[in-house]
Number of protein chains: 4
Amino acid sequence: MSSPDFIRLDSTDSSPIYVQIERGIRAAVATGRLPKGAQLPTVRELAVALRVNANTVAKVYSELERNGVVETRRGVGTFVAEVVPSLPQERVSREALRDFAARVLEDAAARGFSREDFVAELETQLKEEKRA
Amino acid sequence: MSSPDFIRLDSTDSSPIYVQIERGIRAAVATGRLPKGAQLPTVRELAVALRVNANTVAKVYSELERNGVVETRRGVGTFVAEVVPSLPQERVSREALRDFAARVLEDAAARGFSREDFVAELETQLKEEKRA
Amino acid sequence: MSSPDFIRLDSTDSSPIYVQIERGIRAAVATGRLPKGAQLPTVRELAVALRVNANTVAKVYSELERNGVVETRRGVGTFVAEVVPSLPQERVSREALRDFAARVLEDAAARGFSREDFVAELETQLKEEKRA
Amino acid sequence: MSSPDFIRLDSTDSSPIYVQIERGIRAAVATGRLPKGAQLPTVRELAVALRVNANTVAKVYSELERNGVVETRRGVGTFVAEVVPSLPQERVSREALRDFAARVLEDAAARGFSREDFVAELETQLKEEKRA
DNA sequence: GTGGTCTAGACCACG
DNA sequence: GTGGTCTAGACCACA
């Protein structure tokens with residue numbers, strides 16, 4: 001658990017570090033790579049592994065706890081919540097998906113990618129992961 | 001030209017306003033919705049239409065000019081560049097596409113979307129646009 | 001780092017302040033006076049030292065970051081990039097050098113300088129710097 | 001005289017068009033390519049040739065006339081002044097030359113050119129012109 | 001009327 | 001304390 005293989009900090013990503021970390025953890029939980037009840041690395045471990053300020057990691061953990069994604073047992077550690085909280089309905093609504101998808105397509109085009117190539121690449125990655 | 005239908009400011013998007021505007025314009029140019037040589041709305045027009053400070057729009061235009069996406073003719077206006085510059089090689093490389101796609105998938109999962117649903121939605125949107 | 005000895009604002013120079021600052025920093029980086037990894041003065045420091053608005057300096061820093069000349073570490077400061085990007089090929093091409101040189105010669109003549117005197121002065125300055 | 005071969009508008013030059021034109025004419029006069037008494041193209045001719053607004057050319061001519069570089073004979077045309085005015089002493093002073101040279105070297109470095117290559121190129125161009 | 005520059009000042013995100 | 005974003009408003013250069 002000391003190797004945070006579920007998080008890749010990307011210096012070309014303009015989003016703040018804490019957002020990248022939170023996104024990585026949320027995604028790992030959502031996809032089951034971090035199963036319910038699994039223990040997360042300690043704040044210090046993760047901070048050292050990612051070469052990041054410990055405060056930054058602590059901020060992420062506390063936010064995740066507020067949202068019920070993880071649970072902290074004092075003196076023991078931090079664990080993926082047993083009951084994964086249903087996200088606020090609004091966020092996963094059909095409309096939210098459409099908006100998010102539209103924005104992503106726009107972003108891909110703005111970066112100079114062919115949108116068709118981009119979607120094809122997404123499918124490839126999804127398939128590869130299933131096989132693995 | 002006075003109706004900036006190619007830009008939607010999204011308050012749920014955490015990226016700064018000027019990034020959203022820039023992304024919208026770049027995408028419109030890349031997909032041909034803003035053809036080469038077309039005049040962009042004036043700084044002030046777009047500022048009013050988006051309810052944004054004129055400096056914010058001006059910042060976007062000047063960045064786009066720096067990158068050769070648009071050309072400004074002094075005292076005349078801003079136009080889509082006749083020769084749209086090939087983006088720096090690095091950005092459109094195969095590797096860049098993979099990284100971007102991976103990040104997007106992660107983001108989708110972190111937001112609580114099923115990645116399969118998400119990719120399906122992307123395809124739907126692409127097809128709809130072609131038909132239109 | 002608090003004394004911006006690598007920048008001289010020249011009121012007889014018609015180019016905008018932010019261009020002069022950017023040129024100074026780029027030159028300092030290119031010639032090694034600002035070595036890789038070195039910290040630049042903070043935005044506010046440089047603004048005070050040059051008696052310029054902080055936004056003006058911030059604009060320069062952000063342009064330099066966009067071009068990969070510097071890296072900003074959030075909440076920490078701004079540093080010369082470890083890998084200084086090779087300028088877009090076009091700019092350093094032989095042709096670009098010819099054009100730039102031609103323009104400079106023209107400018108010197110237009111200002112009333114003998115072009116021979118001017119080139120001689122350039123050589124003198126280059127030699128002096130090497131000796132120092 | 002309808003082909004303004006002594007002026008090259010450079011879209012990569014950030015200085016305003018009227019400055020570029022004025023610089024070109026001043027340089028042509030200073031180097032003798034436009035000898036004393038020679039007739040300049042008419043405002044309209046030059047405007048058409050350079051694809052520039054006639055007002056822009058007119059502005060240049062009137063400024064050059066104010067400075068005594070050219071003379072306008074009503075109904076006849078515009079001519080290089082017989083007595084080339086000595087520029088204000090300050091501009092051609094030794095100190096001004098040093099400052100200008102320093103700025104040029106800085107600019108060359110900032111553009112990614114080796115300053116040695118740059119100075120060598122200047123010499124080459126000077127020699128070539130003499131031979132021609 | 002067009003875009004460009006600069007200032008002043010506020011507020012925020014980050015570490 | 002760092003840089004980033006945005007606003008408001010002024011003034012200028014350009015055509």
Side-chain angles (χ1 to χ4, degrees), chain A residues 14-22 47 50-60 63, chain B residues 1 9 14-22 39-48 50-66 70-79, chain C residues 1 9 14-22 39-48 50-66 70-79, chain D residues 14-22 47 50-60 63:
Chain A
S14 63
S15 33
I17 296 173
Y18 87 94
V19 168
Q20 295 186 45
I21 299 175
E22 182 171 345
L50 297 179
R51 300 192 190 178
V52 163
N53 191 303
N55 289 334
T56 305
V57 177
K59 178 179 180 178
V60 172
E63 190 145 330
Chain B
M1 158 185 119
L9 287 189
S14 63
S15 28
I17 296 174
Y18 82 94
V19 169
Q20 295 185 45
I21 299 175
E22 180 169 348
Q39 180 169 11
L40 295 171
T42 70
V43 169
R44 290 163 175 85
E45 272 176 0
L46 191 49
V48 169
L50 299 179
R51 302 192 186 179
V52 166
N53 188 284
N55 285 335
T56 304
V57 177
K59 178 179 183 177
V60 172
Y61 279 20
S62 95
E63 298 245 347
L64 289 174
E65 162 139 65
R66 268 217 164 209
V70 305
E71 288 169 359
T72 92
R73 299 184 206 139
R74 304 158 187 269
V76 180
T78 307
F79 302 81
Chain C
M1 153 185 123
L9 288 189
S14 63
S15 31
I17 297 175
Y18 82 94
V19 169
Q20 295 186 45
I21 299 176
E22 181 170 348
Q39 181 169 11
L40 295 170
T42 71
V43 169
R44 290 163 174 85
E45 272 175 1
L46 191 49
V48 169
L50 298 179
R51 301 191 187 183
V52 167
N53 188 285
N55 285 335
T56 304
V57 177
K59 177 179 183 177
V60 172
Y61 279 20
S62 94
E63 299 245 347
L64 289 174
E65 161 139 67
R66 267 216 165 210
V70 305
E71 287 168 359
T72 91
R73 300 188 204 136
R74 304 157 184 270
V76 180
T78 307
F79 303 81
Chain D
S14 63
S15 33
I17 295 173
Y18 87 95
V19 169
Q20 294 186 46
I21 299 174
E22 181 172 346
L50 297 179
R51 300 190 188 179
V52 162
N53 189 304
N55 289 334
T56 306
V57 177
K59 178 179 179 178
V60 172
E63 190 147 329

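Proteins get letters first, then strands, A, B, ... in listed order; numbering begins at 1 in each.
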Inset, instruction - Provide the closest heavy-atom pair for C:A47 versus C:A54 in the form atom of the first, atom of the second, distance. - result: CB-CA, 3.6 Å
Legend entry - Phosphate OP1/OP2 of E:dC6 contacted by C:Y18 side-chain N/O (<4.0 Å): no
Legend entry - Short N-O contact, C:R66 and B:E63, less than 4.0 angstrom: yes
Legend entry - Closest-nucleotide 5' rank along DNA chain E - winner of B:G77 and C:P16: B:G77
Inset, instruction - Determine yes or no for a side-chain-to-main-chain donor-acceptor pair under 3.5 angstrom, with B:Q20 supplying the side chain and B:S15 the backbone. - result: yes
Inset, instruction - Let me know the distance between CD1 of B:I21 and P of F:dT5, rounded to the nearest Å. - result: 12 Å
Legend entry - Validation row: B:L64, B:E22 side chains within 4.5 angstrom (heavy atoms): yes
Legend entry - Atom pair distance, as rounded to whole Å: CG in C:L40 and C1' in F:dG1: 17 Å
Inset, instruction - Determine: side-chain N/O of B:T56 to OP1/OP2 of F:dC6, distance under 4.0 Å, yes or no. - result: no
Legend entry - Phosphate contact (F:dC6 OP1 or OP2) by B:K59 side-chain N/O below 4.0 Å: no
Legend entry - Of C:R73 and B:S15, the one whose closest DNA chain F nucleotide lies more 5': C:R73
Inset, instruction - Report yes or no: is there a donor-acceptor pair, N or O only, under 3.5 Å between the side chain of B:R44 and the base of E:dG1? - result: no
Inset, instruction - Quickly work out the C:L46 CG to F:dG4 C1' distance and round it to whole Å. - result: 17 Å
Legend entry - Side-chain N,O (B:T72) to OP1/OP2 (E:dG3) below 4.0 Å: no
Inset, instruction - Between F:dG9, E:dG3, F:dG3, spot the one nearest the side chain of C:T42, thanks. - result: F:dG3
Inset, instruction - Could you tell me the separation between the CD1 atom of B:I17 and the C1' atom of E:dC12, rounded to a whole number of Å? - result: 13 Å
Legend entry - Comparing C:V76 and C:V52 on DNA chain E - which has the more 5′ nearest nucleotide: C:V52
Inset, instruction - Classify the nucleic acid contact of B:T78 as base, sugar-phosphate or nothing, counting any heavy atom under 4.0 Å across all strands shown. - result: sugar-phosphate
Legend entry - Test applied, side chain to side chain contact (heavy atoms under 4.5 Å, CB included); reference residue, B:L40; option that passes from B:L46, B:V70, B:T72: B:V70
Inset, instruction - Starting from C1' on F:dA13, measure out to CD on D:E22 and report it in whole angstrom. - result: 14 Å
Inset, instruction - Give the rounded distance in Å between these two atoms: CD of B:E71 and P of E:dG3. - result: 15 Å
Inset, instruction - Return the value, rounded to whole Å, for the distance between atom CG of B:L50 and atom C1' of F:dT7. - result: 15 Å
Inset, instruction - Nearest whole angstrom, please: distance from the C1' of F:dG3 to the CD of C:E65. - result: 10 Å
Legend entry - Position toward the 5' end of DNA chain F (nearest nucleotide), D:N55 or B:V19: B:V19
Legend entry - Any donor-acceptor N/O pair under 3.5 Å between E:dA8 base and C:N53 side chain: yes
